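Let me begin by presenting the structure, written as structure tokens, before commenting on it.
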Amino acid sequence: MLKILLRAFSVLAVIAVLAAAWLVIDYRQFLNTPLALGGQALHYDIAPGTGVKKIAQDLERRGVVKHWFYLAALARLQGQAHQIKAGEYEFIAGTTPTQLLDQLVAGRVLEYSFTLVEGWTFRQLLEALRQNTALQHTLTGLNDAQIMERLGWPGQHPEGRFLPDTYRFPKGTTDAAFLQRAYRAMSERLESEWRARSPEVALGDPYQALILASIVEKESARPEERAVIAGVFLRRLERGMRLQTDPTVIYGMGAGFDGDIRRRDLRADTPYNTYVREGLPPTPIAMPGADALHAALHPAPGASLYFVSRGDGSHEFSDTLEAHNKAVQKYQLSNTKKAEK
């Protein structure tokens with residue numbers, strides 16, 4: 001009887017060893033086998049407080065992993081069960097369970113991109129933000145002053161304060177956090193350009209440079225002309241000449257602008273009409289890009305005081321009013337002569 005028991009125990013022991021060996025082999029194979037994604041990326045949301053067991057079971061239910069308890073065991077064996085970050089993730093084809101867990105622990109969430117376009121006004125920026133479904137909208141219904149107060153800069157005019165660039169962010173980022181980031185980026189770039197400005201730039205402070213850069217942004221369709229246009233405006237300011245630039249007039253017209261500037265518009269006294277008022281307008285008129293900022297503070301040398309559009313995006317620059325008037329007659333396509341620039 002004892003021999004039978006020993007023999008049975010030995011058989012059971014062998015079976016247990018074989019089962020354990022098989023389990024170890026199967027577990028290791030699981031760790032190195034890519035997720036069953038069918039060659040497609042999987043977008044996966046993890047809510048705050050979701051445990052690894054629930055995640056693993058859900059992935060098994062979806063057919064992404066074969067054994068949920070292997071993934072849960074891996075997290076616990078590595079001490080990572082309580083280190084998983086909430087958010088929206090993207091698991092790409094070829095990802096193994098080990099790599100998946102590393103991604104969850106590191107919080108490498110899916111990021112969306114949003115581009116602020118050079119020359120946008122603050123109104124255009126807000127409208128584009130409202131249409132972005134990846135952002136959490138917290139500024140809806142607020143006016144400009146309330147928005148700037150919510151962002152932490154009360155009393156500041158929002159125009160031109162946000163740096164055009166492509167920004168990446170995780171889903172659920174608030175529109176306020178996004179704008180704060182773009183604001184800081186503009187502040188840093190403007191301060192950097194101001195410190196490195198050319199000695200001949202006679203502007204009083206960085207904000208004046210921001211205003212000028214916004215005008216340069218709206219006037220220049222060709223990158224190679226930005227610094228030349230900046231030089232024209234700076235020389236006019238130094239000589240006490242009015243800037244006489246259409247984009248400022250258009251900005252001052254606001255919703256009243258219908259695509260055409262008429263003679264009465266050039267005569268209307270608004271804070272932004274640089275045909276009737278001297279110096280810079282009170283605020284920027286758009287978001288200047290980094291290149292426009294650099295051009296405003298590093299103008300091209302020269303003597304030109306005027307320029308007129310050639311109709312192809314480029315401009316004809318002139319040193320004298322006489323030469324400018326001839327250029328206007330040559331290039332202006334409308335019957336109404338363009339006012340002096």
Side-chain angles (χ1 to χ4, degrees), residues 41-48 85-92 103-104 106-154 156-196 206-207 209-218 220-221 223 226 251 283-297:
L42 171 66
H43 287 193
Y44 191 76
D45 280 305
I46 297 179
K85 311 296 190 303
E88 182 184 15
Y89 291 86
E90 181 181 53
F91 305 133
I92 62 175
Q103 186 176 347
L104 298 182
R108 292 194 296 273
V109 297
L110 176 65
E111 290 190 327
Y112 292 79
S113 64
F114 185 80
T115 300
L116 303 190
V117 179
E118 293 92 341
W120 269 359
T121 63
F122 188 58
R123 293 292 95 194
Q124 291 173 308
L125 166 57
L126 289 182
E127 181 58 32
L129 285 179
R130 291 189 186 105
Q131 295 178 14
N132 191 292
T133 57
L135 290 168
Q136 179 184 348
H137 299 283
T138 64
L139 303 175
T140 304
L142 301 183
N143 60 34
D144 290 359
Q146 291 170 328
I147 289 174
M148 292 306 288
E149 184 174 2
R150 180 75 62 86
L151 297 182
W153 295 285
Q156 291 189 5
H157 196 285
E159 200 67 77
R161 294 283 190 175
F162 307 92
L163 182 68
D165 201 351
T166 297
Y167 298 86
R168 298 186 64 82
F169 59 92
K171 185 177 181 179
T173 298
T174 66
D175 48 7
F178 182 94
L179 286 176
Q180 286 171 331
R181 180 180 173 191
Y183 180 100
R184 287 191 292 268
M186 175 60 86
S187 297
E188 292 170 2
R189 179 59 66 93
L190 178 59
E191 183 59 33
S192 175
E193 292 289 356
W194 179 255
R195 288 196 302 268
Y207 191 61
L210 185 64
I211 295 173
L212 178 59
S214 73
I215 300 174
V216 171
E217 184 66 66
K218 297 298 288 186
S220 56
R226 290 192 182 104
Y251 185 83
T283 74
I285 60 172
M287 295 189 303
D291 291 340
L293 283 173
H294 184 80
L297 291 167

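The figures here come from the full heavy-atom set of this structure, side chains too, leaving out hydrogens, waters and symmetry mates. Since the structure is predicted, the reported quantities are computational estimates derived from the model, not experimental observations.
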Response to the item:
To the nearest 0.5 Å, atom CD of Glu90 lies from atom CG of Leu42 at 9.0 Å
Worksheet entry | Heavy-atom pair of closest approach, residues Gly289 and Glu118 | CA-CG, 3.5 Å
Item to complete: Report the residues that fulfil ring pair (Phe, Tyr, Trp, His ring centres under 6.0 Å) with Phe122, sequence neighbours left out, ordered by chain and then residue number.
Response: Phe162
Just list the side-chain donor-acceptor pairs under 3.5 Å for residues 170-181, sequence neighbours left out, or say none.
unit_1: Thr173; atom_1: OG1; unit_2: Pro170; atom_2: O; d: 2.8
unit_1: Thr174; atom_1: OG1; unit_2: Ala177; atom_2: N; d: 2.9
unit_1: Asp175; atom_1: OD1; unit_2: Thr138; atom_2: N; d: 3.0
unit_1: Asp175; atom_1: OD1; unit_2: Thr138; atom_2: OG1; d: 2.7
unit_1: Asp175; atom_1: OD2; unit_2: Thr138; atom_2: N; d: 3.0
unit_1: Asp175; atom_1: OD2; unit_2: Leu139; atom_2: N; d: 3.2
unit_1: Gln180; atom_1: NE2; unit_2: Leu151; atom_2: O; d: 3.0
unit_1: Arg181; atom_1: NH1; unit_2: Arg168; atom_2: O; d: 2.6

Response to the item:
All heavy atoms of Ile285 vs all of Ser214, minimum pair found to be N-OG, 3.1 Å
Discussion item. Could you work out, with side-chain contact (heavy atoms from CB on, under 4.5 Å) as the rule, every residue matching Asp291, not counting sequence neighbours?
Written reply: Arg226
Worksheet entry | Shortest non-hydrogen contact from Thr121 toward Gln124 | N-OE1, 2.8 Å
Worksheet entry | Stepwise side-chain contact (heavy atoms from CB on, under 4.5 Å) check, Leu135 with Tyr112 | CA-CA 9 Å; Leu135 290 168; Tyr112 292 79; over 6 Å; no
Worksheet entry | CG-CD distance between Leu125 and Glu159, expressed to the nearest 0.5 angstrom | 9.0 Å
Item to complete: Measure the CD-CG distance between Gln103 and Leu110 for me, rounded to the nearest 0.5 Å.
Response: 9.5 Å
Worksheet item: Which heavy atom of Met186 sits nearest a heavy atom of Pro164, and at what distance?
Response: CE-CD, 4.1 Å
Worksheet item: Which atom names give the shortest non-hydrogen contact between Gln146 and Gly141, and what distance separates them?
Response: OE1-O, 4.3 Å
Worksheet item: Taking only residues two or more places apart in sequence or in another chain, which ones pass salt bridge (charged side-chain N to carboxylate O under 4.0 Å, His left out) with Glu88?
Response: none
Worksheet item: Run the side-chain contact (heavy atoms from CB on, under 4.5 Å) check on Leu116 and Asp165 step by step: do they pass?
Response: CA-CA 5 Å; Leu116 303 190; Asp165 201 351; 6.0 Å; no
Worksheet item: Should we count CG of Leu142 as having more than 12 external heavy atoms under 6.0 Å?
Response: yes
Worksheet item: Taking only residues two or more places apart in sequence, or in another chain, which ones meet Pro206 in a side-chain contact (heavy atoms from CB on, under 4.5 Å)?
Response: Leu190, Glu191, Trp194
Worksheet item: Rounded to the nearest 0.5 Å, how far does CD of Glu193 lie from CG of Leu293?
Response: 6.5 Å
Discussion item. Checking Asp45 now: which residues fulfil salt bridge (charged side-chain N to carboxylate O under 4.0 Å, His left out) with it, not counting sequence neighbours?
Written reply: none
Practice prompt. Would you sort out whether Leu126 and Trp120 count as a side-chain contact (heavy atoms from CB on, under 4.5 Å), showing the intermediate values?
Written response: CA-CA 10 Å; Leu126 289 182; Trp120 269 359; over 6 Å; no
Practice prompt. Under the side-chain contact (heavy atoms from CB on, under 4.5 Å) rule, what do Arg161 and Tyr207 come out as? Steps first, then yes or no, please.
Written response: CA-CA 10 Å; Arg161 294 283 190 175; Tyr207 191 61; 3.4 Å; yes
Worksheet item: How long is the gap from NE2 on His43 to OH on Tyr89, to the nearest 0.5 Å?
Response: 13.5 Å
Discussion item. Quick one: does any side-chain atom of Ser187 pair with a main-chain N or O of Tyr183 as donor and acceptor, under 3.5 Å?
Written reply: yes
Discussion item. Could you check whether any side-chain N or O of His137 sits under 3.5 Å from a backbone N or O of Asn132, counting only pairs where one atom can act as donor and the other as acceptor?
Written reply: yes
Item to complete: Would you name the heavy atoms of Leu297 and Ala209 that are closest together and state the gap between them?
Response: CD2-CB, 3.7 Å
Item to complete: To the nearest 0.5 angstrom, please state how far the NZ atom of Lys218 sits from the OH atom of Tyr251.
Response: 10.5 Å
